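Reading through the C-alpha cells given below for one structure.
The structure presented is a predicted model; accordingly, all values stated were derived computationally and were not measured.
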Amino acid sequence: MEDFLQQLNENQRNAVLYNEGPSLVIAGAGSGKTRVLTYKIAYLLKNGISPYNILALTFTNKAAREMKSRIAAIVDENIARRLWMGTFHSIFSRILRREAENFAYQSDFTIYDAQDSRNLIKAIIKEKELDDKIYKPSVIQSRISLVKNALITPEKYEKDRELIGDDHFHRKGRTHEIYSAYWNRCRASGVMDFDDLLLYTCLLFEEKPEILERYRNQFRFILVDEYQDTNSVQHEIVCQLAAEHHRVCVVGDDAQSIYSFRGANIGNILNFRKTYPESKLFKLEQNYRSTQTIVDAANSLIKKNKEQIPKTVFSKNDVGEKIRILSAYSDYEEGYNVASRIAEMRMLHQYDYNDFAILYRTNAQSRIFEEALRKINIPYRIYGGLSFYQRKEVKDVIAYMRLITNLNDEEAFKRIINYPARGIGDTTLSKIIGAATFQGVSLWKVLSNPLDYNLNINTGTAKKLEAFQLLISRFAEANVLQNAYELGSEIVRKTGLINELYADRTPEGLSRVQNVEELVGSLYEFVTNRLEEGRPDVKLGDFLAEISLLTDQDIDKDEHASRVTMMTVHSAKGLEFKNVFVVGLEENLFPSELSKNSAKEIEEERRLFYVAITRAEKNVILTYAKSRFRNGQPQMCSPSRFIKDIDRDYLCLPGNLAFDRLDKPVFGSTHNHTSFHSPQKTVQESLNTNSQKLLPIKEKQPTVEQVQSIGSLSVGNTIRHERFGLGKIVELTGENENAKASVVFESFGRKQLLLKFAKFEVIKYD
DNA sequence: GGCCGGGGCATTTTT
DNA sequence: TGCCCCGGCC
C-alpha cells in the first residue's frame with residue numbers, strides 16, 4: 001500500500017493523507033490532480049472505508065470512468081465498482097429516482113435534453129402569443145437555466161424584484177410567466193431537464209431532512225473534482241451533505257474556471273475557506289505535463305487577471321521550444337499553414353497524428369481546418385458536432401421509447417404522433433395541446449379520452465388518433481414483460497419507422513438506417529452487459545436513464561486511431577496533447593466580441609486561453625489571420641490582445657512582424673483570399689473530397705475490423721475494443737448470431753461480447 | 001404532408 | 001457562408 005504513496009510528491013501526498021476535515025486542493029494545470037483524487041480514494045478504501053460511504057463527483061462521465069478504472073487497478077475491482085462516483089447529474093438522478101415518490105414524480109421520469117426543453121419553451125411562447133423576436137427561446141432557455149442554477153423556483157422568481165425589474169427593463173416582462181408555465185408543463189409531463197436534476201435534489205434535501213440525514217450518514221467522505229466550475233446548486237448540495245462531518249475535499253483550479261456563462265460560480269472555490277474556516281489548503285504547483293517555456297508563458301498570461309488564488313506553477317521538464325506565432329492573410333491561409341506545419345513537424349520529429357490538436361474558440365472555425373487537412377490527407381477527428389443521440393432518426397426512435405416508459409412525456413409525444421406520417425396534422429395536434437393545457441393534463445390523457453375533452457375532430461381523425469393510442473398502449477403493456485432490446489427492435493419495425501428510412505436509398509438515407517440499427521445494437525449490448533452483471537430484467541427505462549446523460553465525449557471515437565484532434569478550447573479542458581495549435585487568435589474572436597462588455601468576461605476569456613496553452617506538452621503554436629470570412633462577410637482582424645499578454649521572452653514572432661505592430665490591423669489584404677491557395681485540386685483529390693462528403697454520418701467511424709465469424713478468433717487473442725480497450729479472449733461460445741466471446745479487459749474486467757455487435761480489432765493472434 | 005426558397009441569424013455548453 | 005425556420009405551393 002505504501003508504494004503507491006511513494007509515487008506522489010510531498011504536497012500531493014499530504015493532500016491524499018488528510019481526510020479528517022475539509023480540504024481545498026488547488027491544482028495547477030498538469031499538476032497531477034486526477035492522481036491525487038484517485039490515490040486519495042484508493043487510500044480511503046485501503047484503510048477499510050466502505051466504497052458505499054464515499055461520494056466522488058466529477059463533471060464528465062469520462063472523468064468518472066477513468067478514475068474508476070484507475071482505482072480498480074489499485075484496489076479490488078469489485079470494490080471500486082461500488083463507489084458512488086459519477087457526474088453530479090448521474091449521481092443525483094439516481095438519488096431522485098430512488099426518492100421520486102417523495103416529491104410526486106415517478107421513478108422513471110424522463111430527462112429532457114437541451115433541444116427538448118427549448119422546443120417546449122418555444123411552444124409556450126407561441127401559445128402565449130408572444131413575439132419570439134423579443135422572447136427568443138434560446139435566450140429564455142438560458143435565463144431559466146441560470147435562475148434554476150441559482151436555486152430560484154418560479155415562486156421565488158415572481159417575488160424577486162430585481163429579476164422582475166430586469167425583465168421589464170429589457171421589455172421581457174412576461175418571462176416569469178414562461179418560466180412558470182415551463183415548470184408546470186415539465187411536472188405535468190413527468191420530465192426533468194438537466195438543471196432540474198440538481199435543483200430537485202437540493203429542494204428534496206431542504207424539504208425532507210430525514211432523507212438528507214440518510215445520505216449524510218451514507219456519504220461520510222465527499223470529494224469533488226473541478227470545483228471551480230460548480231454552480232450554486234451544486235455547491236449547496238455539497239454543503240448540505242457535508243454539513244455535519246465536514247469531510248469534504250474539493251479539487252480545482254481557479255485559473256481554469258471557464259463556465260461562468262453557464263452559471264458556474266468561481267466564488268465557490270474562492271470562498272471555500274470562508275465556508276469552512278478550519279479547512280486545510282494544499283497547493284499542487286509542479287506541472288508534470290509541459291515544458292518550462294509553456295508553463296512560464298502561461299503564468300505570465302494569467303498574471304494579468306486580478307481575481308485569483310496566488311500560486312506559482314513551475315515545471316522541471318526541459319525548457320523546450322518557444323511559443324510560435326503564425327500570422328496569415330486569410331482564414332484559408334491559416335488553415336493551410338496549420339495543416340502544412342503539422343505535416344512538417346510530423347516528418348521532422350516522428351510525431352503521430354494523435355500528438356496534435358487544433359483548438360479554436362468557436363465550432364464554426366472547424367470547417368476551414370477540415371478542408372485544409374483533407375487536402376493534404378491528414379486524418380482528423382472532430383469533437384462537438386451532433387452527437388449520436390442527437391441525430392434526428394435516433395431521437396425519433398428514442399422518442400417512442402420515452403413515450404412508452406412515460407406516457408406523459410410531451411415532447412416525445414409531439415415528436416412522433418405523426419412520424420411516420422399517419423395523417424394527424426398540426427391542426428389536430430393543436431387541439432389536443434389546447435385541451436391539455438386548458439385542463440392542466442398531459443397530451444396522452446387527452447388522447448386517451450378524446451370525448452371527455454370535447455376535441456372538435458371528425459371521425460376520420462378520431463380513428464387515426466385511436467390507432468396511435470392503441471399502438472403506444474400495446475407497447476407500454478409489452479414493456480412490462482419484454483426486455484429493452486426485444487421491445488426496442490419491435491418498435492423500430494411495428495411503427496413502420498425502419499421501412500420509412502429504408503425507402504430512402506441515398507447515402508444519407510442509408511446512414512440513417514445504419515444509425516437506427518446501431519441504436520438497436522447498443523440496446524442489445526446494454527441488455528447483455530446488464531445480464532452479465534446479474535441483472536436480468538432490463539427495461540427500456542433503464543436504457544433511457546443511462547443514455548440521457550451521455551454526451552458526444554462519451555461516445556467512443558476510437559482514441560487509438562491516429563488522427564489530429566479538433567475541438568473547442570472548452571471541450572479540451574482536462575486533456576493533453578504533445579503539440580497544440582490555438583487558432584483564430586484575433587480580437588473579437590478570441591476574446592469573443594460578446595465578452596468585451598466587462599472586465600470579468602475578459603478575464604474568463606483569458607482563463608480560457610490559459611486552458612488552451614496548458615494543454616500542450618511540447619509545443620504551442622498560436623495563429624491568427626488578418627482577414628476572415630465571418631457571417632458571409634470578409635472582415636479585417638487584428639491580433640488578439642492575449643498574444644501581448646504573454647511575456648515576449650517566451651514567444652517566437654514571425655519574422656515579418658515586429659512585436660509593437662501586433663495590435664495594428666493590417667489593411668489591404670482582403671484580395672489575398674484566393675491568391676494564396678495551394679495548387680489546383682487534382683482529380684484524385686476531388687474524388688477524395690467527394691467521397692468524404694458522401695461517407696455516412698459515422699464518417700469518423702474507425703476502421704476497426706468487424707469480426708463476423710468465430711472462425712478467425714481463438715481463445716488467447718488480444719483484442720482492442722472500441723469502448724473497453726485492451727483485453728484477452730478467454731472463452732468463445734455459441735455460433736453465428738449468438739456467437740459470444742468472454743474477454744478480460746485491462747481496465748473493465750471480464751465482459752461478454754456478442755460478436756454480432758461488438759466492435760473491436762484483433763491486436764495479437766496468439 | 002412534403003418540398004422548395006427566401007429571410008434572418010450567427011459564442012463557448014462537462015450534464 | 002451555411003443553417004434553420006417559416007410560409008407558400010403543390
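Note on A:E593: nothing from the nucleic acid sits closer than 4.0 angstrom, heavy atoms only. Residue contacts shown for A:S592 include a base, since a base heavy atom lies under 4.0 Å away. Looking at heavy-atom distances under 4.0 Å, A:G423 makes contact with sugar-phosphate atoms alone, never a base. Residue A:K573 is classed as a base contact, given a heavy-atom separation below 4.0 Å to a base. Contacts of A:D195 with the nucleic acid, taken as non-hydrogen atoms under 4.0 Å apart, are absent. Across all strands shown, A:L549 has heavy atoms under 4.0 Å from sugar-phosphate atoms exclusively, and none from any base. When heavy atoms are screened at a 4.0 angstrom cut-off, A:F88 is found touching no nucleic acid atom at all. Using a 4.0 Å heavy-atom cutoff across all strands shown, A:I91 reaches no nucleic acid atom at all. Among the heavy atoms of the strands lying under 4.0 Å from A:N61 are primed sugar atoms or P, OP1, OP2 only; no base atom is included. Nucleic acid contact for A:S93: none, since no nucleic acid atom lies under 4.0 Å from a heavy atom of the residue. Counting any heavy atom pair closer than 4.0 Å across all strands shown, A:D113 reaches no nucleic acid atom.
Checked against A:P137 for a side chain to side chain contact (heavy atoms under 4.5 Å, CB included), the options A:I124, A:I178, A:D132 give a single hit: A:D132. None of A:L359, A:N363, A:T362 except one satisfies the side chain to side chain contact (heavy atoms under 4.5 Å, CB included) rule with A:T568; the exception is A:N363. Among the candidates A:Y259, A:Y383, A:Y360, the single residue satisfying the ring pair (Phe, Tyr, Trp, His ring centres under 6.0 Å) test with A:H570 is A:Y259.
More than 12 heavy atoms of other residues, nucleotides or ligands sit less than 6.0 Å from atom CG of A:N597. Around atom NZ of A:K596, more than 12 heavy atoms belonging to other residues, nucleotides or ligands sit under 6.0 Å away.
Ring geometry, A:F103 versus A:Y105: the interplanar angle falls from 30° to 60°, so the pair is classed tilted.
Which of B:dG2, B:dT14, B:dT12 sits closest to the side chain of A:T362 comes down to B:dT12. Comparing atom distances between the A:K136 side chain and each of B:dA10, B:dT11, B:dT14 picks out B:dA10 as nearest. Considering only side-chain atoms of A:A421, the nucleotide from B:dG1, B:dT13, B:dT11 that sits closest is B:dG1. For A:F59, whose side chain is taken as the heavy atoms from C-beta onward, the closest listed nucleotide among B:dT13, B:dT11, B:dT14 is B:dT14.
Atom CG in A:L146 sits roughly 14 Å away from atom C1' in B:dT11 (whole-Å rounding). The nearest whole Å value for the distance from the CD atom in A:Q635 to the P atom in B:dT11 is 13 Å.
Residue side chain A:F261 meets the stacking definition with respect to B:dT12: its ring centre sits within less than 5.5 angstrom of the base's six-membered ring centre, and the planes differ by less than 30 degrees.
Of the possible polar contacts, none joining the A:E586 side chain to the A:S627 backbone as a donor-acceptor pair under 3.5 Å is found. Remark: side-chain polar atoms of A:D108 are not paired, donor with acceptor, to backbone N or O of A:G541 under 3.5 angstrom.
Within 3.5 Å, a donor on the side chain of A:R262 pairs with an acceptor on the base of B:dT13, or the reverse.
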**Asked** Quick one: what's the B/S/- string for nucleotides 1-6 of chain C, heavy-atom cutoff under 4.0 Å, read 5' to 3'?
**Response** BS--S-
